[in-house]
Amino acid sequence: MKKFLLILMAAVATSVAAWAQDTYVVAGVAELCGSTWDGNDANNQMILQGDGTYVKTFTNVAVMKGYQFKIVKNGSEWIGDKTGQNVTFNVSTACDVNIYYNPANNDITVQGAGVGDPTFEINKVVAVGNGSGNWLNGTSWNPNADENQMAEVGDKVYEITYNEVAAGTECQVKFALNGAWTDNFGGSFSVSGEETEANYNGANITFSTAAVSNVTLKLDLSNFDYNSKSGAKFTITVAQAGPVELNYYMKHPWGGGEWTWKRLAKDYNGTYFVEAEYGGNGVNVSTSASGSDSQWFEKPAVDEDVAVGDVCHFVYYPENNFVAIYKVVPTGINDVNVKSNSTYKTIENGQVIIVKDNVKYNVMGARVK
């Protein structure tokens, strides 16, 4: 009885193993597979051989460069070449093509009388994406669009610029070679103007324009190695079109406290200012809140009677690169209470000046030297 049970269990185990056998399907371009990247196409299921490898034969495959495929395990796990990319091959004369797969080491081989290794050629490079308006000349996802062909500006370095791309454009782009998707490059955008790794057959590159912008795309294939699919670089530069309105920031120990940055407000006359307490020291001025291009003004022009803690107007004059600090005196003088019998307004150097008792004030009531 015990022997019978062991035999029965072995038979059941063999049956389950056979039932649970993995399936492998060749999925790729329609020119090879008849279907397009269908990992469940039963017509392309591979046959198990006695040595544990699998094979699929395609008959009378036509002459073409850039056949591509992957092996799909059990309808869901996609297996490519040693770099994880699509397996690519050429056919120079029509022939039967045998594709072999070894599950033990994930080795994939392609054999046939007219089969040859793929050759990496660059005849042209085209920027491809979700074109709209001036972005990609309004052309959407066309790898053969002449209007988006990139110029070779160096040895295997390609570039194209799109001017006045609308503000708020959500851009997607890849770089396609030779008018097809066989060889293309994607990646991940991080910072404008920063060179980044371009991934062979990678994901769409995405970025956006905050303002009307000129967008320059650059692809550098000068160090690309086809066998390892590495070494390609891309750069995307997004520059605001037209004059750039700068922001200014000032750093000071306000009221004698900690050194911190404050953003300056723009005055009508082209100066920038902030009202705060004087801290008894010079100031830093920068166009960045982080102070990346900070300038130090050790001795700005300061009213003689200013003391630490006094409320002052800190004024920056970009045209002259000059800083002045004016004490705010509660004079009641401003642009809406000028009385002709005691004060008058005039213009000096393009600035409205209020004069009272021969003392000059700006329209906010701060003294002007």
Side-chain angles (χ1 to χ4, degrees), residues 167-168 192 209-213 238-369:
S192 172
T209 56
V212 177
S213 302
V238 181
Q240 182 173 322
V244 178
E245 183 69 31
L246 294 176
N247 294 316
Y248 290 98
Y249 300 82
M250 186 174 289
K251 189 178 183 181
H252 182 72
W254 312 104
E258 294 184 4
W259 289 80
T260 57
W261 288 99
K262 290 183 181 291
R263 182 172 178 175
L264 304 183
K266 186 177 181 181
D267 204 350
Y268 68 95
N269 61 357
T271 63
Y272 292 78
F273 72 95
V274 64
E275 183 175 302
E277 293 182 350
Y278 181 59
N281 212 313
V283 300
N284 291 97
V285 175
S286 176
T287 60
S288 167
S290 65
S292 59
D293 58 354
S294 176
Q295 295 184 76
W296 169 241
F297 295 84
E298 184 175 2
K299 296 181 179 180
V302 183
D303 278 350
E304 294 178 0
D305 58 345
V306 171
V308 173
D310 285 345
V311 177
C312 297
H313 278 124
F314 294 73
V315 184
Y316 176 59
Y317 299 81
E319 185 175 349
N320 301 312
N321 198 32
F322 177 75
V323 174
I325 302 175
Y326 307 114
K327 184 176 180 179
V328 175
V329 180
T331 61
I333 301 298
N334 58 51
D335 198 28
V336 297
N337 65 8
V338 174
K339 297 179 180 179
S340 59
N341 62 345
S342 61
T343 61
Y344 65 91
K345 290 196 297 185
T346 185
I347 295 178
E348 292 184 5
N349 299 321
Q351 180 178 6
V352 176
I353 299 296
I354 300 171
V355 182
K356 177 179 174 60
D357 299 331
N358 294 321
V359 179
K360 297 178 181 179
Y361 304 87
N362 63 20
V363 293
M364 297 175 293
R367 289 180 59 182
V368 178
K369 291 192 175 185

Check the angle between the aromatic planes of F273 and H313 and answer parallel, tilted or perpendicular using the 30° and 60° thresholds. perpendicular
Parallel, tilted or perpendicular, as decided by the 30° and 60° cut-offs, for the rings of H252 and W259: perpendicular
Could you pull out the closest heavy-atom pair between [X] and [Y], with the gap in Å?
X    : Y    : answer
A276 : F314 : O-CE1, 3.4 Å
V212 : A167 : N-CB, 3.6 Å
W261 : G291 : CZ2-CA, 3.5 Å
G282 : P300 : CA-CD, 4.1 Å
C312 : I325 : CB-CG2, 3.7 Å

Does one side chain, of S288 or S290, offer a donor that lies under 3.5 Å from an acceptor on the other? yes
For the backbone of S294 and the side chain of N284, can you confirm whether one donor and one acceptor N or O come within less than 3.5 Å of each other? no
With a 3.5 Å distance limit and no angle check, can you tell me whether D293 reaches the backbone of T287 through a side-chain donor-acceptor pair? yes
Under 4.5 Å between any side-chain heavy atoms of F297 and N321, yes or no? yes
Taking side chain as C-beta onward, heavy atoms only, is K251 less than 4.5 Å from Y249? no
Give a yes or no on whether a salt bridge exists between K327 and D303, defined as a side-chain N under 4.0 angstrom from a carboxylate O. no
Output for pair (Y248 OH, T271 OG1), nearest 0.5 Å, gives 11.5 Å
